[in-house]
Chemist: 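Below are the structure tokens for one structure; questions will follow.
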Number of protein chains: 2
Amino acid sequence: MDHQAKGTKKGRAALKADEAKVDLIAVVVAVNDSEPCLLTIGNADTLPSGPYALEHRSLQSGLRGWVEQQTGHPLGYIEQLYTFADRDRIGAERQERAISISYLALTRKEQATGSANCGWRSWYEYFPWEDHRSGTPVVLDILRPRLIEWAEGASDATTRRERRQRAAIAFGFDDRNWNEELTLQRYELLYESALIEEAGGGGDIAPAAVSGKAMIADHRRILATGIARLRSKIKYRPVVFELMRPSFTLLQLQRTVEALAGRLINKPNFRRLVEQQELVEETGETSLETGGRPAKLYRFRHAVLDDRAVAGTKLPLARA
Amino acid sequence: MDHQAKGTKKGRAALKADEAKVDLIAVVVAVNDSEPCLLTIGNADTLPSGPYALEHRSLQSGLRGWVEQQTGHPLGYIEQLYTFADRDRIGAERQERAISISYLALTRKEQATGSANCGWRSWYEYFPWEDHRSGTPVVLDILRPRLIEWAEGASDATTRRERRQRAAIAFGFDDRNWNEELTLQRYELLYESALIEEAGGGGDIAPAAVSGKAMIADHRRILATGIARLRSKIKYRPVVFELMRPSFTLLQLQRTVEALAGRLINKPNFRRLVEQQELVEETGETSLETGGRPAKLYRFRHAVLDDRAVAGTKLPLARA
DNA sequence: TCCCCTTATTGTCAGATCGAATATAATCGG
DNA sequence: CCGATTATATTCGATCTGACAATAAGGGGA
């Protein structure tokens, strides 16, 4: 392998050996009836994906192409998540590398042109321990002792202490607060402790209703990355509106945020923040569909996308 | 091109056409004497980089290998920045794709084993308009009218208004606050308005002292991405300590943060925040090298890496 | 030795923000 | 017309933040 004669990009065109397959893979999210949903293909449990090909004008357009072809669903908002070399997919027989570039996409369910081989599933089917909207989920009562057991199973005391602490922080044990952004860390802990299916069998896997549905290959890990990113992002960038209909009530908006965050928000405070940041404006109409006093309808002030564009727009969910 | 028969990852091993060259590229940062420095190779203006090769165990280890080989500098903290398909590098003659995966790395200058073909440069040589530690830099007085001119040069009124607003937000015109995190947006505006060298000549390029040093290919853009990410990250994750010596005074810490952020911080408030978050602990020693009253020396409390690990550690620099 | 200059360290105070709880308004169904 | 239900508006105290001021501890020169 010639490692010299490089440093400028041009010099490298000569090398031919080091090529890799590049996959594009999408976490497509929508929220329906206060339930955060994930777009899957085939017999579910698989994210839309496909190879980055010659005819693609860019990474993003390649991703859009694959998702639209596999699900019939056009994508709006897209953001890159992470790129990783997939060790599982390195063919032992054939020397080749595989790279996956993952993206997060936000849409609305109705936009689907109803293509065949795909469907929407609540992401909490894959992560039952992530939904704290009705208080701490019961599955945590089962996972906690298992995690403790795993921590205590380490050979040396240092590792034991470290494992205990990691679990306590990620899952909010010992009177710590639940931090909804730690979705990926939680997944990794459950993977390490072999409490979920992907971990490869050896361990003492918890029942499916507790450990959640598994996904193909590393897709559940990618989903965890997407959830974590989205939960973090809604706090400082007005991306929720990508998931809303053109007009909506403030409570619908709140329910959507709560669905994503997996926790409840104080109503008056939520309204105050939304209004004082001028994220929305009244349409003038009202909705009677709520059962009580009619709710005003609002629309997103698209001006803020230019305005505050990259500045400090933030939704609540600050500290617990 | 066969777009069917996929969806599961396995099905794709058969495809052979769509391979791509994968490059790893590093933005290596250190802070010396209150100056944020970038590690470059060759006759400078080039970031360390190299192809992802078969013998690399992972993307990160590949990156470490290339940087160490090209600069003799071992890397500590590493974080992925962004992956992009480089359109400039798509050979028109030969049909092939090139992917670049960029990383941000933090170290200290002293760790260099002093290898040959590399050096450190202040990143403000490339971005003179980004350093606001001594007030608004004079180069902005030259760039502002040029940007306005560019905005007004648009054909239709809507584009003009949009351009004016983007420039005003990014650069803090019209009594807006300077937002140090918008480094990438500023670079993109200067690129679009052809005020910098990379933009391809056509435009009315500002003098080098104003527009900053150019870099090879898209490296200055990658650097802008790295700066933006780092400026954002120091506010909620204790990464600054990667850049500090084992023991340091609080003022040294503050100067380092200021160097990165390109703006000054209020001293007592900085100290309050650092202390109340228990990010540091006293070593018991003091430093006399400051000219005035001796300063206590502190060390980073590595416990917080477990502790707050992913939670809410934040440094000041909140709103202006 | 004493004064002054420099920097470190501690303390104060008003305004903004945040979380929680309360009060009032507008529909619907009997 | 009443009460159940939900929407909307207001209030209050705790906390956080930003700006400023005051005190402490060295060194250097008169």
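In what follows, chains are A, B, ... by sequence order, proteins preceding strands, each numbered from 1.
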Chemist: Can you tell me the distance, in whole Å, between the CD atom of Gln276(B) and the C1' atom of dT10(C)?
Modeler: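 That distance rounds to 14 Å.
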Chemist: Ring of Trp178(A), cation from Arg133(A) - is the NZ or CZ under 6.0 Å from the centre and inside 45° of the axis?
Modeler: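 Geometry flag: not set, cation outside 6.0 Å or 45°.
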Chemist: Nearest whole angstrom, please: distance from the C1' of dA19(D) to the CD1 of Ile265(B).
Modeler: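 My rounded result for the distance is 15 Å.
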Chemist: Arg144(B): which residues meet the salt bridge (Lys or Arg N to Asp or Glu O under 4.0 Å) condition with it, sequence neighbours left out?
Modeler: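 Scan of Arg144(B) (salt bridge (Lys or Arg N to Asp or Glu O under 4.0 Å), adjacent residues dropped) gives Asp141(B).
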Chemist: For Leu273(B) and dT10(C), give me the distance from atom CG to atom C1', rounded to whole Å.
Modeler: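 Going from Leu273(B) (CG) to dT10(C) (C1'), I get 16 Å.
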Chemist: Is any side-chain N or O of Arg272(B) under 3.5 Å from a base N or O of dG11(C), one able to act as donor and the other as acceptor?
Modeler: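 Between dG11(C) and Arg272(B), which were checked side chain against base, a qualifying N/O pair under 3.5 Å is absent.
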Chemist: In this structure, how many angstroms lie between the P atom of dT15(D) and the CG atom of Asn269(A), rounded?
Modeler: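 In whole Å, dT15(D) P lies 16 Å from Asn269(A) CG.
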Chemist: What is the distance, to the nearest angstrom, from the NZ atom on Lys235(B) to the P atom on dC16(D)?
Modeler: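 Taking atom P of dC16(D) as the reference, NZ of Lys235(B) is at 20 Å.
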Chemist: Regarding dA21(C), can its base be found pairing with the side chain of Asn266(A) as donor and acceptor, where the two atoms are less than 3.5 Å apart?
Modeler: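 Checked by distance alone, the answer is no.
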Chemist: Apply the test side-chain contact (heavy atoms from CB on, under 4.5 Å) to residues Arg164(A) and Phe173(A): give CA-CA distance (whole Å), side-chain angles for both, the deciding distance (0.1 Å), then the verdict.
Modeler: CA-CA 9 Å; Arg164(A) 272 197 305 269; Phe173(A) 298 156; over 6 Å; no
Chemist: What integer distance in Å separates Leu253(A):CG from dT8(D):C1'?
Modeler: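 Atom-to-atom, Leu253(A) to dT8(D), this comes out as 16 Å.
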Chemist: So, Tyr187(A) versus Gln185(A): side-chain donor-acceptor pair below 3.5 Å or not?
Modeler: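 Gln185(A) and Tyr187(A) do not have a side-chain donor-acceptor pair below 3.5 Å.
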Chemist: If you assign each of Glu275(B) and Pro268(A) to its closest nucleotide in DNA chain C, which residue comes earlier from the 5' end?
Modeler: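 Looking at the nearest nucleotide for each, Glu275(B) comes out on the 5' side.
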Chemist: Given atom CZ of Phe270(B) and atom P of dA8(C), what is their separation to the nearest angstrom?
Modeler: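 Nearest whole value for this atom pair: 12 Å.
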Chemist: Specify the separation, in whole Å, of atom CG of Leu264(A) and atom C1' of dG19(C).
Modeler: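 So the CG-C1' distance, Leu264(A) to dG19(C), works out to 15 Å.
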Chemist: Show me the protein contacts with nucleotides 4-7 of chain D, counting only N or O atoms at under 3.5 Å.
Modeler:
from   : atom 1 : to        : atom 2 : distance (Å)
dT6(D) : O2     : Arg293(A) : N      : 3.2
dA7(D) : OP2    : Lys267(A) : NZ     : 2.8
dA7(D) : N3     : Arg293(A) : NH1    : 3.3

Chemist: Minimum heavy-atom separation for Tyr124(A) to Gly262(A), with atom names?
Modeler: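 That would be OH-CA, 3.2 Å.
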Chemist: With side chain to side chain donor-acceptor pair (under 3.5 Å) as the test, pick out the partner of Glu181(B) among Arg231(B), Arg229(B), Lys235(B), Lys233(B).
Modeler: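 Exactly one option meets the side chain to side chain donor-acceptor pair (under 3.5 Å) with Glu181(B), and it is Lys235(B).
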Chemist: Can you name the residues that form a side chain to side chain contact (heavy atoms under 4.5 Å, CB included) with Thr256(A), not counting sequence neighbours?
Modeler: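 Result, side chain to side chain contact (heavy atoms under 4.5 Å, CB included) vs Thr256(A): Val31(A), Val240(A), Leu243(A), Met244(A).
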